[in-house]
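Below: one structure, written as structure tokens.
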Amino acid sequence: MKKLIIANFKMNKTSQETRVYLNELLPLIDNADKDVAICVPFTSIAMGKKCLKETPILLGAQNVSSEESGAFTGEVSARMLKEAGCKVVLVGHSERRKNFKETDQQINLKIKQLLNNNLSPILCIGETKLQRDTDRTVEVIKKQIETCLSGLYENELKNMVIAYEPIWAIGTGKIATKKQISDAIKLIRKEISNYFSEKVSKEIRVVYGGSIKPENARELLSIKGLDGLLVGGASLGAKTFSQIVNA
Ligand code: PGA
């Protein structure tokens, strides 16, 4: 399977800025041997759809409601994202967990909404600095996998991506070591194998995110069992992101 490189714009770029970016990016990654997904703000989805039509690039959102429809002012449903042209959606990003108090239970409901609408969830998990320093990383990852994936069917899992994003590595310039990433991937696959099957634990894509730059992308992509990268800050420049895609 091809490696997957995901851009997460976070709360950056208007619709017009997204257009300028994509027009610059597309020729730069024309010959890439990787799958690419671009997760834009809600207001850039329509522009993303226009610019990415007839390209293999997957359009993505960064959040979704845990509810199907109804009196939830300000929320956006999975069905709306599907109709708008999204293929993938980030869920459980640490910034949402921290700033908006999202829980693993809510994230589980969001994943179910996405799967019911044939959208691929990109589930973000990972430990804080304190949790790592106090040897709780394994426990934290196990709990996140257990709760976020609870009640899913094995055949739904192969449409998912799991992003291991240690929180202390996000936007800090501190990158996890190859050993730390490798240990986390093994743990994630082992837990999935325990709850579902060994087959799907091998099929599901597991990617890493946290302070990725063109300079470290190639080295990270050589980690055994790692299927790709989730890029925040370094995805905001088309040229920089293309260097990561072409690494
Ligand atoms: P970063 O962000 O690449 O800026 O560290 C990654 C992320 O938040 O997904």
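Both counts, for ligands and for their atoms, begin at 1 and track the order of listing. Residues: numbered from 1 along the sequence shown.
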Measure the distance from atom 4 (O) of ligand 1 to every protein heavy atom, then report the residue, atom name and distance (to 0.1 Å) of the closest one.
G233 N, 2.8 Å

Shortest protein contact, atom 3 (O) of ligand 1 (heavy atom only)
G232 N, 2.9 Å

Applying a strict 4.0 Å limit to heavy atoms, is A234 in contact with ligand 1?
no

Looking only at protein heavy atoms, which one is nearest to atom 2 (O) of ligand 1, and what is the separation?
K10 NZ, 3.3 Å

Check step by step if salt bridge (Lys or Arg N to Asp or Glu O under 4.0 Å) holds for D227 and K2.
CA-CA 8 Å; D227 299 313; K2 284 190 199 167; over 6 Å; no

For ligand 1, which part of A169 has a heavy atom less than 4.0 Å away: the side chain, the backbone, both, or neither?
backbone

Pair R136 + E139, salt bridge at N-O below 4.0 Å
yes

Min heavy-atom dist G171 to ligand 1 below 4.0 Å:
yes

Shortest non-hydrogen contact between G126 and Y164, atoms and distance:
CA-CE1, 4.1 Å

I162 and its side-chain contact (heavy atoms from CB on, under 4.5 Å) partner, picked from I122, I145, I185:
I145

Are any of the side-chain nitrogens in R97 or D104 under 4.0 Å away from the carboxylate oxygens of its partner?
yes

Enumerated ligand 1 atoms positioned under 4.0 Å from heavy atoms of H93
7 (C), 8 (O), 9 (O)

For this output row, return yes or no: ring centroids of Y153 and F196 closer than 6.0 angstrom.
no

Counting non-hydrogen protein atoms only, what is the nearest one to atom 9 (O) of ligand 1? Give residue, atom name and distance.
E165 OE2, 2.7 Å

Among Q106, Q62, E102, side-chain hydrogen bond (donor to acceptor under 3.5 Å, both in side chains) partner for R96:
E102

Mode of N8 contact toward ligand 1 - side chain, backbone, both, neither (heavy atoms, under 4.0 Å):
side chain

Atom indices of ligand 1 within 4.0 angstrom of G210 heavy atoms, with elements:
5 (O)

If I apply the N/O under 3.5 Å rule, does T172 come out as touching ligand 1?
no

